[in-house]
Amino acid sequence: QVQLVESGGGLVQAGGSLRLSCAASGRTFGRNAMGWFRQAPGKEREFVATINWGGGSTYYADSVKGRFTISRDNAKNTVYLQMNSLKPEDTAVYYCAARSWLVISTTQNDYNYWGQGTQVTVSS
């Protein structure tokens, strides 16, 4: 089992920045590829970013590419999502997820463990 707890969400003006954190506990964190997903009101949950077990491979949704950066610190059992140049359309609940495999994935069903989510609200 892997337990995930997100933090760092909040209210920010358009153009601002936030950094989300996801603290993991339980099984060996370094062996899990990690992902961030988000769900806006009235919409399906969607992929945002993913990172492999070593941190050397990442992938982003086109909507956040160049603005968001995913990273991880395996010594701290934590994965981060640095979000810059935020837009009102980035408003959503952001979820951290872990999969029981080393490589990245953009598919929600590939992830075995999920956090409770953290709200990000971007005002115009």
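Here the side chain of Y111 pairs a donor or acceptor atom with the backbone of S105 at under 3.5 angstrom. The closest donor-acceptor contact from the side chain of R72 to the backbone of K76 lies at 3.5 Å or more, if one exists at all. In terms of modelled atom types and a separation under 3.5 Å, the side chain of Q82 and the main chain of I70 share no donor-acceptor contact. Under the 3.5 Å distance criterion, the side-chain polar atoms of R67 are matched with a main-chain donor or acceptor of S85. Side chain of D73 to main chain of T78: no donor-acceptor pair is present (N/O by atom type, distance under 3.5 Å, no hydrogens or angles). Listed for the N52 side chain is no donor-acceptor partner under 3.5 Å among the backbone atoms of I104. Side chain of T58 to main chain of I51: no donor-acceptor pair is present (N/O by atom type, distance under 3.5 Å, no hydrogens or angles). At distances below 3.5 Å, at least one donor-acceptor pair connects side-chain atoms of N74 with backbone N or O atoms of W53. Proximity of a side-chain donor or acceptor of E6 to a complementary backbone N or O of C96 within less than 3.5 Å is detected.
Residue V120 forms a side chain to side chain contact (heavy atoms under 4.5 Å, CB included) with just one option from L11, L20, T91, and that option is L20.
Counting all heavy atoms, side chain and backbone alike, L18 lies closest to G8 at CD2-O, 3.8 Å. P88 and A14 get closest at one heavy-atom pair: CD-CB, 4.1 Å.
Relative ring orientation between F47 and F37 is described as perpendicular, the plane-to-plane angle rising above 60° on a 0-90° scale split at 30° and 60°.
At a threshold of 4.5 Å between side-chain heavy atoms, the hydrophobic network of Ile, Leu, Val, Met, Phe, Trp and Tyr places L81 and Y59 in two separate groups. Residues V93 and M83 do not share a hydrophobic cluster, defined by chaining ILVMFWY side chains whose heavy atoms lie under 4.5 Å apart.
Between N84 and F68, the closest side-chain pair of non-hydrogen atoms is not below 4.5 Å. You'll find the side chain of M34 stays beyond 4.5 Å of the side chain of T50, heavy atoms only. Side-chain contact between Q119 and Y94 is absent, with no heavy-atom pair separated by less than 4.5 Å.
With a 6.0 Å cutoff to the six-membered ring centre and a 45° limit on the axis angle, R19 counts as a cation-pi contact of Y80. Judged by a 6.0 Å distance limit and a 45° cone about the ring axis, R45 is positioned over the six-membered ring of Y95.
Dense packing is recorded around CD of Q116, with more than 12 heavy atoms of other residues, nucleotides or ligands lying under 6.0 Å away. With a 6.0 Å radius and a threshold of 12 heavy atoms from other residues, nucleotides or ligands, W101 has its CH2 atom at or below the threshold.
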Inset, instruction - Go through the steps to decide whether D62 and K65 satisfy the test salt bridge (charged side-chain N to carboxylate O under 4.0 Å, His left out), and finish with yes or no. - result: CA-CA 5 Å; D62 286 344; K65 200 172 296 183; 3.1 Å; yes
Inset, instruction - Go through the steps to decide whether E46 and R38 satisfy the test side-chain contact (heavy atoms from CB on, under 4.5 Å), and finish with yes or no. - result: CA-CA 5 Å; E46 65 178 5; R38 67 186 182 186; 2.7 Å; yes
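Atom OG of S100 sits about 12.0 Å away from atom CZ of R31, to the nearest 0.5 Å.
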